[in-house]
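Whatever order the structure lists ligands and atoms in, that order sets their numbers, starting from 1.
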Amino acid sequence: MSKYIFVTGGVASSLGKGILAASLSKLLQARGFRVTNQKLDPYINVDPGTLNPYEHGECFVTEDGHEADLDLGHYERFLDIRTHKVNNITTGRIYQSVIEKERRGDYLGKTVQVIPHITDEIRRNITALGRQGDYDFVIVEIGGTVGDIESLPFIEVVRQMKWEHGKDCLCIHLTYVPYLQAAGELKTKPTQHSVRDLQQEGVQPDIIVLRTEHDINDSLRRKVALFCNVDFESVIQSADAPSIYRVPLNMQAEHLDEVVLRKTGYDLKQVPHADMSSWNAFLAKLEGAKREVKIALVGKYVQLQDAYKSIHESLSHAAAYNNRRLVLTSLLSDDITEQNVADKLRGQQAVLVAPGFGQRGMEGKFVALRYAREKKIPCLGICLGMQAMAIEFARNVLGYTDANSVEMDERTTHNVIDMMEEQKTMLNKGGSMRLGAYPCRLKPGSRVYQIYGTELINERHRHRYEFNQLYQAEFESSGMHCTGVNPDSGLVEIIELDGHPWYIGTQFHPEYSSTVLHPHPLFISFVAAAIKH
Ligand code: GLN
């Protein structure tokens with residue numbers, strides 16, 4: 001039977017529950033356990049697909065086409081696994097299915113209530129992962145902070161499951177220990193209060209992880225242990241780390257995995273040691289790289305670090321594998337003009353044009369792309385970035401000055417990016433996108449074929465518009481080749497430019513599938529091209 005480990009958070013958000021959950025999973029996986037992670041989001045959106053990145057960071061996409069919380073990206077990158085729709089649940093999804101059941105008459109005669117109906121539905125979604133028998137551990141992260149009204153039903157589920165599963169279910173509570181500069185002291189009171197909030201909701205945490213910017217000494221740990229009813233060894237510190245990939249090792253040094261195993265009934269003598277050798281090899285490259293590689297990221301949400309999370313991580317994997325330290329400069333596309341583009345891109349070894357939606361910042365992207373194309377700076381365009389590559393090429397090389405995507409101009413006469421006929425009838429914003437993994441056939445002899453080293457690839461999509469195949473022949477005869485095509489629909493998935501050191505656009509999102517142990521070949525090649533530039 002699976003064991004369930006819940007990770008809750010207190011005091012403040014953004015303490016890194018996702019990284020903590022992924023790190024614990026990594027350590028258990030490295031000991032040979034079968035592990036999966038799940039994220040429960042207390043917000044009412046059915047999924048994060050319609051959220052602005054400024055609200056919630058990047059929207060991650062699973063292979064089965066689910067628009068998910070970005071923590072699923074951490075799980076995949078850390079564990080080298082694929083997550084699915086079941087790995088991310090929101091309050092909105094839970095209510096949607098309860099209300100559908102109610103309409104169908106499944107609860108006939110009953111008053112439908114938060115407890116037991118909503119909580120039962122949450123439990124059903126959690127135990128669905130454990131019931132398959134595929135996992136020794138299901139690590140469940142609960143979004144938000146304890147004490148929020150909206151997370152109450154989730155905490156109630158933790159209470160019920162701890163009661164019913166006994167030692168097979170633990171709660172790890174992550175809190176923050178602030179340092180008061182003036183007093184020169186670390187303060188545990190917020191932790192005590194947040195544990196009290198959790199206790200009030202019926203849950204006694206088994207392990208407390210303290211996020212801190214300074215070392216927490218034994219006497220403070222003893223204090224937390226005493227006031228929060230946990231053993232001394234179950235008070236764990238998580239100090240600021242130079243990179244998120246250091247956190248599993250920090251947690252190992254704090255014996256988090258050992259405490260979890262002991263508490264869930266394992267005899268440590270019978271459990272193999274964690275084999276972190278390949279992880280350590282990656283970390284040595286990541287932290288040991290002395291020389292830099294400078295890459296510019298052009299996008300419209302660059303002010304928020306999390307908005308392009310997977311792109312950042314994929315580039316940093318690729319830089320590490322190329323023995324370089326990534327120096328990423330984010331450029332707001334709205335600010336790029338013909339007058340300042342040379343200044344803005346000075347010293348940059350490559351340009352990445354980001355995915356996105358809507359008109360804002362498009363002109364700046366065209367300017368940056370034209371510059372990279374003409375000055376032969378390696379350039380990767382992802383999704384909207386690839387569409388912008390096609391539009392810029394049509395405008396400035398083919399001479400169609402009004403070329404556009406119908407997303408930006410419905411009436412353009414040169415609709416190089418258009419919507420597929422069958423999509424036009426689907427008006428539901430959440431439902432008309434091409435989502436999830438689709439196959440793509442690479443043209444033998446092309447650069448992408450060389451990069452992937454195989455003909456058939458599978459990559460994830462999240463977009464509504466497509467390259468208009470009516471223009472394919474004209475693009476190709478002018479040097480922009482369609483080197484990746486969906487074998488079933490013929491849709492163009494990759495464009496690449498002849499006579500340029502590295503100019504590739506992908507309609508799909510390669511950044512969703514780069515992991516620490518399997519960094520994405522396209523990013524590795526892109527960074528290698530940047531180094532050569
Ligand atoms: N807005 C574009 C589309 O819907 C691109 C989306 C994206 O970059 N993810 O097709």
Taking both backbone and side-chain atoms of Q507, is any N or O found less than 3.5 Å from an N or O belonging to ligand 1? no

Just to verify, which of E476, E455, E496 counts as forming a salt bridge (charged side-chain N to carboxylate O under 4.0 Å, His left out) with K443? E476

Check ligand 1 against E407 and write out every atom of the ligand that is under 4.0 Å from a heavy-atom position of the residue. 1 (N), 2 (C), 3 (C)

Do you know the tightest heavy-atom contact between L517 and D80? CB-OD2, 4.0 Å

Would you kindly specify which portion of E466 sits under 4.0 Å from ligand 1, judged on non-hydrogen atoms: side chain, backbone, both or neither? neither

Checking contacts here: is it the side chain or the backbone of H509 that comes within 4.0 Å of ligand 1, counting heavy atoms only? Could be both or neither. side chain

Among all protein heavy atoms, pick the one closest to atom 7 (C) of ligand 1 and tell me residue, atom and distance. C383 SG, 3.0 Å

The option among C59, A388, G299, G356 carrying the non-hydrogen atom nearest to atom 5 (C) of ligand 1 is G356

Does any N or O of ligand 1 fall below 3.5 Å from an N or O anywhere on L384, backbone included? yes

Pair R460 + E76, salt bridge at N-O below 4.0 Å: yes

With a 3.5 Å distance limit and no angle check, can you tell me whether R324 reaches the backbone of A319 through a side-chain donor-acceptor pair? no

Which residue holds the protein heavy atom closest to atom 4 (O) of ligand 1, what is that atom called, and what is the gap in Å? R464 N, 2.9 Å

Locate the shortest heavy-atom distance separating L380 from F523; write the atom from each residue and the value. CD2-CE2, 4.0 Å

Do Y452 and E459 have side-chain N/O donor and acceptor atoms under 3.5 Å apart? yes

Can you find a side-chain donor-acceptor pair between Q387 and S405 that sits under 3.5 Å? no

Tell me the protein heavy atom at minimum distance from atom 10 (O) of ligand 1, and give that distance in Å. Y465 N, 2.8 Å

List the closest protein heavy-atom neighbour of atom 9 (N) of ligand 1: residue, atom name, distance to the nearest 0.1 Å. R462 O, 2.8 Å

